[in-house]
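Because the structure is predicted, anything quoted here is derived from the model rather than measured. Each chain gets a letter, A, B and so on, in the order its sequence line appears, and its residues count up from 1.
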There are 2 protein chains.
Amino acid sequence: MLELAVLGLLHESPLHGYELRQRLKATLGTFRAFSYGSLYPTLRRMRDAGWIAEDEGDAEVVAGAPALTGRRGKVVYKLTAEGKEKLAELLAEAGPSAWEDETFGVHFTLFAQTDPEVRVRILEGRRSRLEERREGVRATLARTRARLDSYTLQLQEHGLESVDREVRWLTELIETERKNTPARSTGTTSKKAARP
Amino acid sequence: MLELAVLGLLHESPLHGYELRQRLKATLGTFRAFSYGSLYPTLRRMRDAGWIAEDEGDAEVVAGAPALTGRRGKVVYKLTAEGKEKLAELLAEAGPSAWEDETFGVHFTLFAQTDPEVRVRILEGRRSRLEERREGVRATLARTRARLDSYTLQLQEHGLESVDREVRWLTELIETERKNTPARSTGTTSKKAARP
DNA sequence: TTCGTCATGTAATGGGTTACATGATTAC
DNA sequence: GTAATCATGTAACCCATTACATGACGAA
């Protein structure tokens with residue numbers, strides 16, 4: 001999760017940890033906030049895995065007498081070739097790992113870097129996930145409504161409305177996507193439609 | 001969290017683990033779902049802590065030849081005196097532990113068992129928490145809007161609208177609470193207003 | 001008799017958080 | 001010179017999840 005977000009951000013430009021976190025806040029907004037306590041260990045793991053590397057094209061480090069400090073300054077990371085591969089791989093995923101609650105937001109913020117077909121499949125996946133959940137809740141609610149106190153009931157209803165709202169939002173997004181992407185048959189035939 | 005939910009449910013009636021989980025789903029709806037893998041260990045811990053105990057007023061256990069099985073059937077739990085105390089203590093909390101994202105839903109479902117003043121303070125706490133977050137996001141958004149791609153932007157806006165919506169919902173709830181609870185001065189003066 | 005669902009539980013793991021510690025840089 | 005904020009990092013912990021294993025019981 002964090003890994004994908006980091007790969008996505010570093011794909012645009014090299015960044016150091018602190019800045020990375022600001023960007024994360026800026027792009028994810030209300031949806032998620034990572035702490036340094038998870039960011040730095042993650043960066044380390046990613047570096048060990050070879051997905052990112054310290055950017056030496058940093059310059060402006062010096063001009064006088066640096067280097068003495070045994071590493072105490074910004075550590076700017078950039079994507080490696082493996083990192084780019086990994087990112088592409090993660091962005092191509094169009095399964096539950098892309099549309100569950102915790103992950104969807106991150107995938108969505110990277111939609112600009114995502115294949116249009118994958119985008120639609122993720123949006124649709126999330127929508128049916130939500131619809132499923134909604135029906136489940138509606139069903140149990142129908143069975144138990146009488147037994148629930150008014151507070152619990154209000155929470156349920158507010159929850160259902162939230163889900164409804166997100167479903168509508170997704171539907172609009174899907175339509176927009178479809179309008180921008182020429183019609184395409186679903187299934188095995190994967191003929192690439194040419195742009196006029 | 002799970003503990004509070006369990007205490008709250010058991011306060012209404014004794015239940016066994018499996019049923020507890022169904023009830024949890026029924027009351028929390030869209031907000032949360034706990035797995036058995038966390039429920040059973042939690043029940044065990046709570047039993048060890050003395051908050052709950054196996055209910056022997058179970059009856060219907062027998063009628064023939066049970067007991068031989070070294071414990072393989074429903075294990076019905078009920079609140080102990082300590083459990084009730086603990087529940088009361090948790091329900092009296094009106095701090096962040098009651099209005100953060102992960103916890104608010106559970107506290108809300110137990111509002112019927114919660115002191116009216118505490119209810120209002122929790123609702124207000126959650127509201128200002130959300131307003132704070134909203135302002136934070138709005139601020140960074142204002143700073144960074146230009147740099148963000150349209151997908152990220154749409155996510156931000158959808159997020160902000162969701163928060164707005166919840167704020168309005170909370171405001172309504174607070175007003176309703178205030179209407180039902182006679183006016184009360186905030187601060188040190190804690191004169192109990194008499195009901196007409 | 002076998003399938004679904006009720007029912008209880010464990011082990012391994014995950015993905016983060018909080019709190020803390022430390023130091024560099026900038027603005028006043 | 002001192003406070004704020006930029007910047008990096010670690011250790012301890014938390015609260016859950018997934019996957020698995022087991023078994024009882026009712027209905028078809």
Side-chain angles (χ1 to χ4, degrees), chain A residues 1-6 14-25 28 31-48 52 54-55 58 60-77 96-97 100-103 105-106 139-140 143, chain B residues 1-6 14-25 28 31-49 52 54-55 58 60-77 95-97 100-103 105-106 140:
Chain A
M1 196 48 346
L2 224 190
E3 288 172 1
L4 171 57
V6 168
L15 295 168
H16 59 265
Y18 191 88
E19 206 178 349
L20 217 26
R21 202 217 174 190
Q22 313 298 109
R23 295 295 198 87
L24 245 26
K25 270 209 288 206
L28 293 172
F31 285 91
R32 223 152 181 331
F34 297 97
S35 65
Y36 293 118
S38 72
L39 178 57
Y40 286 113
T42 296
L43 286 173
R44 198 203 153 101
R45 278 200 317 276
M46 291 173 71
R47 190 199 56 197
D48 292 350
I52 62 179
E54 284 166 45
D55 186 9
D58 200 7
E60 78 180 291
V61 175
V62 217
L68 302 164
T69 29
R71 170 61 45 68
R72 202 64 185 181
K74 296 186 205 178
V75 182
V76 177
Y77 292 101
S97 68
E100 288 302 319
D101 290 342
E102 326 77 48
T103 49
V106 172
T140 36
R143 272 193 290 102
Chain B
M1 197 45 352
L2 224 191
E3 288 172 2
L4 172 58
V6 167
L15 295 167
H16 59 265
Y18 190 87
E19 206 177 349
L20 217 27
R21 202 218 173 187
Q22 312 299 107
R23 294 296 198 86
L24 245 26
K25 269 209 288 206
L28 293 173
F31 286 90
R32 221 151 183 334
F34 296 97
S35 65
Y36 293 119
S38 71
L39 179 56
Y40 286 114
T42 297
L43 286 173
R44 200 203 151 101
R45 277 201 317 275
M46 292 173 72
R47 192 199 56 197
D48 292 350
I52 62 178
E54 282 166 45
D55 186 9
D58 198 7
E60 76 178 293
V61 175
V62 218
L68 303 164
T69 29
R71 171 63 42 71
R72 203 63 185 181
K74 296 186 206 178
V75 182
V76 176
Y77 293 101
S97 68
E100 289 302 319
D101 290 341
E102 326 76 48
T103 49
V106 171
T140 36

- Are side-chain heavy atoms of V75(A) and D55(A) found at a separation under 4.5 Å? no
- Message: From the set dG9(C), dC6(D), dT10(D), return the single nucleotide nearest to any side-chain atom of R44(A).
- Response: dT10(D)
- Item | Candidate nucleotides dA7(C), dT8(D), dT10(D), ranked by approach to the side chain of H16(A) - the nearest | dT8(D)
Could you tell me how far apart [X] ([atom1]) and [N] ([atom2]) are, to the nearest whole angstrom?
{"X": "E102(B)", "N": "dT17(D)", "atom1": "CD", "atom2": "C1'", "value": "16 Å"}
{"X": "R23(A)", "N": "dC6(D)", "atom1": "CZ", "atom2": "C1'", "value": "16 Å"}
{"X": "E100(B)", "N": "dC15(D)", "atom1": "CD", "atom2": "P", "value": "14 Å"}
{"X": "K74(A)", "N": "dA24(C)", "atom1": "NZ", "atom2": "P", "value": "15 Å"}
{"X": "Y77(A)", "N": "dA7(D)", "atom1": "OH", "atom2": "C1'", "value": "12 Å"}
{"X": "L43(A)", "N": "dG9(D)", "atom1": "CG", "atom2": "P", "value": "8 Å"}
{"X": "Y18(A)", "N": "dC6(D)", "atom1": "OH", "atom2": "P", "value": "4 Å"}
{"X": "Q22(B)", "N": "dC6(C)", "atom1": "CD", "atom2": "P", "value": "6 Å"}

- Protein-proximity profile, nucleotides 11-18 of chain C, B/S/- by nucleotide at the 4.0 Å heavy-atom cutoff, equals -----SBB
Indicate the atoms forming the closest heavy-atom contact of [X] with [Y], along with that distance.
{"X": "E102(B)", "Y": "M1(B)", "answer": "O-SD, 3.4 Å"}
{"X": "A5(A)", "Y": "L24(A)", "answer": "CB-CD1, 3.9 Å"}
{"X": "R21(B)", "Y": "F34(B)", "answer": "NE-O, 2.6 Å"}

- Item | Name of the residue among R47(B), R44(B), R45(B) meeting salt bridge (Lys or Arg N to Asp or Glu O under 4.0 Å) with E3(B) | R45(B)
- Query: In Å and rounded to the nearest 0.5 Å, what is the CG to CZ distance from L20(A) to R23(A)?
  - Reply: 8.5 Å
- Query: OH of Y36(B) to CG of L43(B): how many Å apart, nearest 0.5 Å?
  - Reply: 11.5 Å
- N or O in side chain of Y40(A) less than 4.0 angstrom from dT8(D) OP1/OP2: yes
